[in-house]
2 protein chains.
Amino acid sequence: MRAKEQALNIHEVARRARVSTATVSRAINRVPTVNPKLSQRVWKVIKELGYYPNTQARALVSGRSRIFGLIVSELTNPFFPEIVQVFETIAVRHHYEILLTSTMNDPEQMESSVRRMIERQVEGVAVMTFGMEEALLEDLKLRQVPLVFVDVGPRRPRVSNLRIDYLAGIRQAVQHVAALRHEKIAFITGPHTLKSAMARKQAFLKAMHEIGREPDMNLIVEGNHTMEGGQIACGHLLALTKKPTAILCSNDMTAIGVMRKCYEDGISIPRDLSVVGFDDIRLAQFMLPPLTTVQMSQAELARLAFDALLAEVEREEPLPEGSEYVLKTALIERESTAICREGAVLKTNHPAPIRTVG
Amino acid sequence: MRAKEQALNIHEVARRARVSTATVSRAINRVPTVNPKLSQRVWKVIKELGYYPNTQARALVSGRSRIFGLIVSELTNPFFPEIVQVFETIAVRHHYEILLTSTMNDPEQMESSVRRMIERQVEGVAVMTFGMEEALLEDLKLRQVPLVFVDVGPRRPRVSNLRIDYLAGIRQAVQHVAALRHEKIAFITGPHTLKSAMARKQAFLKAMHEIGREPDMNLIVEGNHTMEGGQIACGHLLALTKKPTAILCSNDMTAIGVMRKCYEDGISIPRDLSVVGFDDIRLAQFMLPPLTTVQMSQAELARLAFDALLAEVEREEPLPEGSEYVLKTALIERESTAICREGAVLKTNHPAPIRTVG
DNA sequence: ATGAAAGCGCTAACAC
DNA sequence: GTGTTAGCGCTTTCAT
């Protein structure tokens, strides 16, 4: 089917530069032993013709595709775009391409993702779906493809894990609202099936204990990491006779749901209620008021994931236990938290955030 | 370097199924003439071994990479994630992979993008950067790679254009606020260098004329499609003695800037001021109040772009003038617009949106 | 330092 | 209907 007119391949370049294809290949790959005169001649032709080597052919012969797979659950989840962006940027810098797939948490699509990755011979896969069927990764394991997981990965050779230090940031959040004299602090969890969500809840409990507060179990309600879940959970909380004055959320979308519920009910944030999110998605800073939240740096996450993959690709002998990396979290104080008014000594002005001491 | 243990390739499958590689290939590609008995035997081995064909090799011999390039300016711009998501979903359905690159509007990165696409032998490229250096596309033109642009493309063979019908949606927006009895209607433009931004401004002017309103040039100020730009532009508008009661924005981020400025200044939306955005990014519905905006369906845009590319790939003879597709826009009424209070007969309740008649 | 040639994994003639 | 074989475009021995 392909037009025969003039194939723009290494042979054509070789012919025009009056050298062998081997020399062209060497010139392109900057093999130092090649005669500068010839190399120049080759490059001149390359420029003239606008020739670019065919990656498929290179990959086929070298056995290296220079592709990393990146599996996310859905790109429209505001948590992911920055991860993808940063991952891609770093990949390009290392002459890698990324094969991005979103699974929508659908087992069928996950399987299709893995299959496509294997077919394209990826050299490594970063799994960002926060929970994935063990079985689906059999094929990847079998092929010794380096893998990196967030939170949920097994300890195995060629598998890296990014452990997230939830406690650090959540502790800061708890201490922050406590310092603002809030007594009734609520927590809206994520889905109980999600490991990372449960880890956040545990971190909250631990942080409360640390400052000698026994968390009120009525103030811990389940959400589902969506805005709607946050709205509903917030509704439950506000219906309590012992209403909370501060609500910490398992993720930012939940917090946004809380903010919406309050908006609808005419409750002013942060005057009447303080809200803290988790993740620090881009959206958080666009909210009104800007959302105080625990940051889990998406850029840092992407960077760690890429580095883990690259290290594994370049490692000759796999480590028997794989590798572990830790990602810190930290509170970002914006304007959705303020000093508690119930029995407060001083009153706060609406939009100005109160900063904790120390 | 590759371990020699046991190559998992077509030969291995052929050996185990006691057939030739040609038969394996035919079985995989479901060539109808192949003996069902043999085919079954082949598939059995394939399943047992967990074999997947090597795409690079297939691409090399068939001359078809089954990759489409997708160039965006930056993925963290909330306009893009849904486009990418939908584009990818459709691509997968057609057994294509996408090569995603973000250029950050940096000429160097654009060049790198194009080079990488050519190296990977993409069969088509969708350019979503809203403006791209002509020169950079020379190489793609040269290779006859089908291209699709949004708004800015040339009329050339193998080049498709998605023209956006800005007027339809903006006309609705103008009529909407006019029906809400707003007299002083402002417009915050995008950067003057951006074709699409200028088209939106022209559409606004036209829509105003259509209803017999001479737009007040003092109420047309320049923004830059960012939140900060919107804040500043809004500041200028509010400093006017003849303040507007409704502000239309060239995109949603600008509108979000307007909302923030109002939040800071204690101006209530929509009670004191109506705001309309453009694009309908996901964020728009999360704002408080949810933003009334002109929708340019990102899903539809992605679908049109993919279809255009696919049509071109499958077309034997290129059309001399390329193809054109039109994407409609339409107003989505949410809660950031309400009836004008200045001299209003009836007062509106805060969160409830007012719907226009007809 | 350079060229000839083998071969990466697959498909598509072409023969049988 | 199935097998044999010649490449696809490139890298990489192995001679020279």
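Below, chain A is the first sequence line, B the second, and so on; all start at residue 1. For the numbers below, each heavy atom of this structure counts, side chains included, while hydrogens, waters and symmetry mates do not. Just so we're clear, the structure is a prediction, and the values are computed from it rather than from any experiment.
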Exercise. Think B/N29 has a side-chain N or O under 4.0 angstrom from the OP1 or OP2 of C/dT11?
Worked result: yes
Problem set entry | Phosphate OP1/OP2 of C/dC10 contacted by B/Y51 side-chain N/O (<4.0 Å) | yes
For this session: Select base, sugar-phosphate, or nothing to describe what A/V24 touches, counting heavy atoms under 4.0 Å on all strands.
Result: nothing
Seminar exercise, completed: Of the listed C/dG3, D/dT2, D/dC10, the closest approach to the A/R26 side chain comes from C/dG3
Exercise. Would you call B/E88 and A/R116 a salt bridge, using N to O less than 4.0 angstrom?
Worked result: yes
Problem set entry | From C/dG9, D/dG9, C/dT11, nucleotide with atom closest to A/V61 side chain | D/dG9
Exercise. Rounded to whole angstrom units, what separation is found between the CG atom of A/N54 and the P atom of D/dC10?
Worked result: 6 Å
Problem set entry | Options D/dG9, C/dC10, D/dT12, nucleotide nearest the side-chain atoms of A/S25 | D/dT12
For this session: Please tell me which of the listed nucleotides, C/dG9, C/dA5, D/dG9, lies nearest to the side chain of A/I10?
Result: D/dG9
For this session: State which of D/dT11, D/dG9, C/dC10 makes the closest approach to the side chain of A/L60.
Result: D/dG9
Exercise. Is the distance from OP1 or OP2 of C/dC8 to the nearest side-chain N or O of B/N9 less than 4.0 Å?
Worked result: no
Exercise. Below 4.0 angstrom, N of the basic side chain to O of the carboxylate: do A/R64 and A/E123 qualify?
Worked result: yes
Exercise. With respect to the side chain of A/P53, which nucleotide from D/dG3, C/dG9, D/dC10 is positioned closest?
Worked result: D/dC10
Exercise. Under 4.0 Å between a Lys/Arg side-chain N and an Asp/Glu carboxylate O for A/E324 and A/R155?
Worked result: yes
For this session: Using atom CZ of B/R58 as one end and atom P of D/dG9 as the other, report the distance to the nearest whole Å.
Result: 18 Å
For this session: Just compare C/dG9, D/dT4, C/dG3 and give me whichever is closest to any side-chain atom of B/A22.
Result: D/dT4
Exercise. How are the rings of B/F68 and B/Y96 set to each other: parallel, tilted or perpendicular (split at 30° and 60°)?
Worked result: parallel
